[in-house]
Amino acid sequence: MESNSNDNYVLVLEDRTEVKNEKETGKLSVVSGIDDKGNLKSIEAIAANQAAFLKFNNKDGLLKNFMTNFLKQFNNPTHFGLYKVLADNVEQGVDNLRTMLQSREKPESNQQLAEMGVPFEDYLPQQKNATAIDESKVDWKQLDNLGLTRERLEQSGELEKMLNWQKSNLLTIAVPIGDTTIYTEARLAFRTDDNGNIGLAIHPLKKEPQLDFPYMGYKFSPEEKEALLTTGNLGKTIDVTPKNGEPFAAYVSIDPQTNEIIALRADRVNIPKEIKGVTLSDAQYKDLVEGKAVKVEGMTAKSGKSFDAVLQVNAERKGIEFIFDNKQGLKERQQHKQQQGVPHKLCGLELSDKQREALDSGRTLYLKNMVDKQGQPFNAYVRIDKEQSRPRFYKWNPDKKQETGKGKVVAVAEEHKTQVAVNNHGKTNEASKNVKEPLKTGQTQPTAEQKQKQDENKQKKSRGRKM
């Protein structure tokens with residue numbers, strides 16, 4: 001029985017320390033607490049023990065504290081299972097749980113158990129992963145020149161990818177050109193130059209793949225252009241010649257995020273004979289090596305479930321990719337990448353998984369206590385613009401029709417409109433006239449101190465004109 005987010009629930013412990021095989025169900029009991037020494041206490045799952053059950057609710061933080069202590073107690077938590085059961089009908093819930101555990105090999109039971117289970121990995125202490133690139137060797141000023149910071153990359157989750165020689169997802173960068181700054185989007189990656197120094201490679205977003213021009217000395221035929229635009233992969237190997245380099249055989253694909261053409265040396269791709277438990281036939285293996293798309297059935301996922309997929313070498317991924325449900329189109333891949341663009345942190349506000357999921361699905365959220373560029377908090381309606389893979393801020397809910405004087409929506413909540421216009425966009429109003437300091441939250445009029453500074457500055461300007 002799946003717990004409702006508004007209801008109290010108890011945790012049912014399955015103790016599998018004495019089971020003899022995987023199909024056997026462990027001893028079931030209800031968690032009643034943790035003693036002074038940190039030892040777990042549980043009790044038989046009968047109605048008479050109702051008062052002793054330790055009850056939880058999704059709205060409180062009790063489960064997190066409990067799991068921290070639980071995982072400290074057990075050296076091998078895999079010998080145990082924890083499942084949520086509604087507190088108002090524990091006996092029936094435990095009976096249903098026992099039935100599902102006895103048939104856990106069935107897909108429907110396995111799915112229900114996954115929904116009821118408490119995943120230990122969500123509460124294990126997070127270890128900071130070692131990275132392939134030494135951070136001390138990175139020239140962080142290169143990021144500053146693009147309007148980025150190390151902190152921003154770390155908060156977005158892109159820094160770890162880059163420190164492991166991977167490309168980031170699309171990021172907004174500022175490119176100074178003379179007296180003007182152009183804002184565009186690009187994927188970034190750390191790369192070494194001929195002298196071994198670590199520099200920044202910039203892969204800018206292109207409107208469309210440049211297939212009408214020779215690529216590394218190779219001119220694509222109409223059929224090859226069609227294959228790249230349709231599937232994102234060329235579907236075969238070709239010989240390309242880099243500038244000032246020797247020719248080599250390569251797989252070619254299009255980066256779905258930037259529309260950049262990517263070549264991958266064929267001799268650097270390791271294609272195994274067995275993939276996910278399935279041994280490829282000689283014909284399948286030959287086609288895969290040649291770059292063709294190959295349908296493989298009966299593969300086994302980490303969860304133990306069987307699945308089918310189309311396999312093909314993808315140059316941008318630097319190896320074999322799994323394509324599901326015949327979604328091989330480049331446009332579908334681009335849409336999928338756009339859906340992954342919801343940041344973990346927005347204007348200083350840490351987004352929960354549910355908020356990111358809601359924004360990713362196209363919903364509009366009203367978010368409070370975001371922080372503008374001058375460090376002042378503000379509130380706004382937020383929706384992700386999937387066309388440009390960026391958040392948009394609104395004064396009113398854009399999902400509802402609003403009557404405004406100019407027939408359009410202003411970009412932030414009413415009480416913060418002036419503040420954000422001045423602090424973020426350099427606008428001037430009565431409160432900020434002749435005063436360089438940022439406006440406070442919701443401020444529209446000058447403070448007494450600001451008014452005094454305005455008068456002093458006005459007098460100085462007046463005396464200057466007389467001279």
Side-chain angles (χ1 to χ4, degrees), residues 132-133 142 161-162 164-170 186-275 280-296 310-323 328-331 333-334 337:
I133 298 176
Q142 290 183 304
K161 298 176 188 174
M162 294 175 63
N164 284 291
W165 301 111
Q166 299 175 29
K167 285 192 287 188
S168 70
N169 286 309
L170 279 174
R187 298 183 73 183
L188 306 178
F190 292 127
R191 295 291 182 260
T192 54
D193 59 20
D194 295 336
N195 298 320
N197 300 316
I198 297 177
L200 194 64
I202 302 174
H203 302 269
L205 172 65
K206 302 177 185 296
K207 185 176 180 180
E208 57 187 21
Q210 303 298 306
L211 300 177
D212 293 332
F213 303 94
Y215 174 71
M216 296 176 71
Y218 186 90
K219 186 171 179 60
F220 296 111
S221 68
E223 294 77 18
E224 291 168 338
K225 293 178 188 177
E226 180 68 20
L228 283 166
L229 291 174
T230 303
T231 69
N233 298 320
L234 184 59
K236 63 180 181 179
T237 60
I238 59 173
D239 291 329
V240 296
T241 307
K243 188 176 181 180
N244 302 325
E246 297 294 325
F248 60 87
Y251 299 100
V252 177
S253 302
I254 294 175
D255 184 333
Q257 295 194 54
T258 64
N259 282 322
E260 181 184 13
I261 304 172
I262 305 293
L264 174 66
R265 292 184 66 107
D267 58 5
R268 293 181 181 176
V269 180
N270 178 33
I271 299 179
K273 188 72 174 179
E274 181 179 313
I275 300 177
L280 303 179
S281 68
D282 291 341
Q284 286 176 315
Y285 184 79
K286 179 176 179 295
D287 286 347
L288 200 54
V289 169
E290 292 176 354
K292 298 176 183 177
V294 176
K295 178 70 177 290
V296 179
V310 172
L311 308 185
Q312 190 170 28
V313 176
N314 182 282
E316 195 276 321
R317 295 191 180 208
K318 294 182 170 57
I320 298 173
E321 68 172 332
F322 293 75
I323 307 168
Q328 302 180 44
L330 177 63
K331 289 184 178 179
R333 299 180 199 205
Q334 290 171 332
K337 287 297 181 184

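Since we're looking at a predicted model, the values are computed, not measured.
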With a sphere of 6.0 Å drawn around NZ of K286, does it hold more than 12 non-hydrogen atoms of other residues, nucleotides or ligands? no
Correct closest heavy-atom pair for L234 and A227 would be O-CB, 3.9 Å
Hey, is the main chain of S253 close enough, under 3.5 Å, to the side chain of N233 for a donor-acceptor pair? no
Derivation and outcome, side-chain contact (heavy atoms from CB on, under 4.5 Å), residues Y218 and V252: CA-CA 11 Å; Y218 186 90; V252 177; over 6 Å; no
Nearest-0.5 Å distance, NZ of residue K167 to NZ of residue K318: 6.0 Å
Let me see the working for F248 and V240 under side-chain contact (heavy atoms from CB on, under 4.5 Å), right down to the final yes or no. CA-CA 6 Å; F248 60 87; V240 296; 3.7 Å; yes
R187 side chain near D255 side chain, heavy-atom distance below 4.5 Å: yes
Keeping Q312 on the side-chain end and G291 on the backbone end, is there a donor-acceptor pair under 3.5 Å? yes
Short question: side chain of N259, backbone of K206 - any donor-acceptor pair under 3.5 Å? yes
Taking Y251 for its side chain and V289 for its backbone only, find out whether a donor-acceptor pair lies under 3.5 Å. yes
Counting C-beta onward and ignoring hydrogens, is there a side-chain heavy-atom pair between I275 and V296 closer than 4.5 Å? no
Stepwise, does the side-chain contact (heavy atoms from CB on, under 4.5 Å) test hold for Y215 with I238? CA-CA 11 Å; Y215 174 71; I238 59 173; 5.7 Å; no
Could you measure the distance from the CG atom of N270 to the CD1 atom of I320? Nearest 0.5 Å is fine. 8.0 Å
Value rounded to 0.5 Å, distance of CD1 in I133 from OG1 in T192: 8.5 Å
Mind checking the CZ-CD1 spacing from R191 to I202? Nearest 0.5 Å is all I need. 12.5 Å
Minimal non-hydrogen separation, D287 against V294, with atom names: CB-CG2, 3.7 Å
For atom CZ of R268, decide whether the heavy atoms of other residues, nucleotides or ligands shown that lie under 6.0 angstrom number more than 12. no
Atom pair CD1 (I262) and CD1 (I254), whose distance is rounded to the nearest 0.5 Å: 10.0 Å
Please check this pair: side chain of Q257 against backbone of L170, looking for a donor-acceptor N/O pair closer than 3.5 Å. yes
Whether Q284 side chain and K295 backbone form a donor-acceptor pair below 3.5 Å: yes
When K236 is tested against each of E290, E224, E223 for salt bridge (charged side-chain N to carboxylate O under 4.0 Å, His left out), which residue passes? E224
Validation row: E208, L229 side chains within 4.5 angstrom (heavy atoms): no
Got K161 and S168 here, is their nearest side-chain heavy-atom distance under 4.5 Å? no
Is the closest side-chain heavy-atom distance between I271 and Y285 below 4.5 Å? yes
Hey, mind stepping through I261 and M216 against side-chain contact (heavy atoms from CB on, under 4.5 Å) and telling me if it holds? CA-CA 10 Å; I261 304 172; M216 296 176 71; over 6 Å; no
